[in-house]
Amino acid sequence: MAVYSSETGLCFDESNESFKTYEQRFAQFVEANGIEQEKQRAVFLSVVGAKTFSLLTDLLAPKKLSDCTLEDLLKALREFYVPKKNVLSERYSFRVRKQQNGETVAEYVAALKGLATTCEFGEKLDEQLRDQLVYGISSKELRTKLLSAAYGEKLKWAKVMDIVHNFESTTSSLKTIQQTPLRTDSVSSYKGKAHAC
């Protein structure tokens, strides 16, 4: 029989991670260890740590934690740790985000995807990511390629990412070629005429 405690590395520490991330880690832990539904609440209370256990006791009083479901516990912690979101404010942050100096397009796309998670774009997510990417990238050349590709057709997110990856790959290869010095050691000059050695 497995024994689970806060020593397993699953103790929640709000200074190191969000509760949302912790909840995902716990779900993975449950799945990886094949913990049965009826034991998940007890395991959660065993691994979450003393501080969070105490907080739950206070949040759910006068109810005993043993009388609560795992979902009751998670809901109480979500309400405590996860701030209410202002969708307009979240979308504003998404809209003003531009690619920063030294940031690759891949890093910029990852940042946009992270910001978009709280924007409630729904089925329009890919379209919103595409539009913000075109608006916010620093490379005028890449922006021109993307705008040209959209001419006369609806530019899908997958196609945008293909263009971006090809552009970054080509740009990287060109930089490597340009930084490689030309070999001149195999040519010598003889009375003003060059010939191979």
Side-chain angles (χ1 to χ4, degrees), residues 10 12-34 37 40 44 69-180 182:
L10 274 178
F12 175 59
D13 181 358
E14 65 187 284
S15 66
N16 288 330
E17 67 183 329
S18 69
F19 183 72
K20 184 178 178 181
T21 301
Y22 178 79
E23 192 174 351
Q24 291 171 351
R25 280 196 319 118
F26 180 75
Q28 291 301 308
F29 176 79
V30 165
E31 184 179 336
N33 289 286
Q37 181 84 29
Q40 290 178 14
F44 179 79
T69 65
L70 176 61
E71 187 52 39
D72 293 336
L73 303 176
L74 295 174
K75 181 180 177 199
L77 290 172
R78 274 186 225 117
E79 288 173 358
F80 183 82
Y81 284 113
V82 181
K84 303 285 185 251
K85 61 184 170 187
N86 176 338
V87 175
L88 182 59
S89 176
E90 298 297 319
R91 288 185 179 183
Y92 175 79
S93 296
F94 177 80
R95 293 279 178 241
V96 298
R97 180 62 162 86
K98 293 184 179 174
Q99 185 180 9
Q100 299 171 3
N101 288 337
E103 183 177 45
T104 66
V105 177
E107 291 168 334
Y108 177 54
V109 167
L112 287 179
K113 285 183 173 183
L115 289 170
T117 60
T118 56
C119 292
E120 297 182 5
F121 287 134
E123 292 178 12
K124 298 279 187 183
L125 175 62
D126 286 353
E127 188 176 305
Q128 297 297 326
L129 286 167
R130 178 201 65 201
D131 292 356
Q132 189 60 34
L133 176 68
V134 170
Y135 172 74
I137 54 175
S138 58
S139 170
K140 290 178 183 175
E141 187 180 349
L142 178 54
R143 182 178 298 111
T144 301
K145 283 184 180 293
L146 291 168
L147 291 170
S148 296
Y151 186 75
E153 68 175 89
K154 186 169 173 119
L155 188 59
K156 303 263 188 209
W157 181 246
K159 178 71 173 169
V160 167
M161 293 313 300
D162 283 344
I163 293 168
V164 165
H165 292 306
N166 289 338
F167 180 83
E168 283 200 320
S169 179
T170 302
T171 303
S172 177
S173 295
L174 285 173
K175 281 182 184 176
T176 302
I177 291 169
Q178 290 170 348
Q179 292 174 351
T180 305
L182 294 175

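In this chain, numbering begins with 1 at the start of the sequence shown. What's counted below: heavy atoms across the whole structure, side chains too, no hydrogens, waters or symmetry copies.
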Check your understanding: When you check the gap from the basic side-chain N to the acidic O, do K159 and E153 get nearer than 4.0 Å?
Key -> no
Atom pair [atom1]/[atom2] of [X] and [Y] - distance to nearest 0.5 Å:
X    : Y    : atom1 : atom2 : result
Q128 : D126 : CD    : CG    : 10.0 Å
L133 : Q99  : CG    : CD    : 8.0 Å
E141 : T171 : CD    : OG1   : 6.5 Å
R130 : L155 : CZ    : CG    : 6.0 Å
K98  : Y135 : NZ    : OH    : 3.5 Å
L73  : E23  : CG    : CD    : 11.0 Å

Practice item. Could you tell me how the ring of Y22 sits relative to the ring of F12: parallel (under 30°), tilted (30 to 60°) or perpendicular (over 60°)? Key: tilted
Exercise for review: Assert yes or no for the condition that the ring centre distance of F94 to F121 is strictly below 6.0 Å.
Suggested key: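 Yes; F121 has its ring centre under 6.0 Å from that of F94.
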State, to 0.1 Å, how close [X] and [Y] come at their nearest heavy-atom pair, and which atoms those are.
X    : Y    : answer
C119 : R91  : O-NE, 2.7 Å
K145 : I163 : CB-CG2, 4.3 Å
L142 : S139 : N-OG, 3.0 Å
A116 : L129 : CB-CD2, 4.2 Å
V105 : E168 : N-OE2, 2.8 Å
Q132 : L112 : CG-CD2, 3.6 Å

Check your understanding: For D72 and T69, does a side-chain donor sit closer than 3.5 Å to a side-chain acceptor?
Key ->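 A donor-acceptor contact under 3.5 Å links the two side chains.
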Point to revise | Of Q24, R25, E31, the residue whose pairing with Q28 passes side-chain contact (heavy atoms from CB on, under 4.5 Å) | key: E31
Exercise for review: For side chain to side chain contact (heavy atoms under 4.5 Å, CB included), just list the numbers for Q37 and Q40, CA-CA rounded to whole Å, side-chain angles, deciding distance to a tenth of an Å, and then say yes or no.
Suggested key: CA-CA 5 Å; Q37 181 84 29; Q40 290 178 14; 4.2 Å; yes
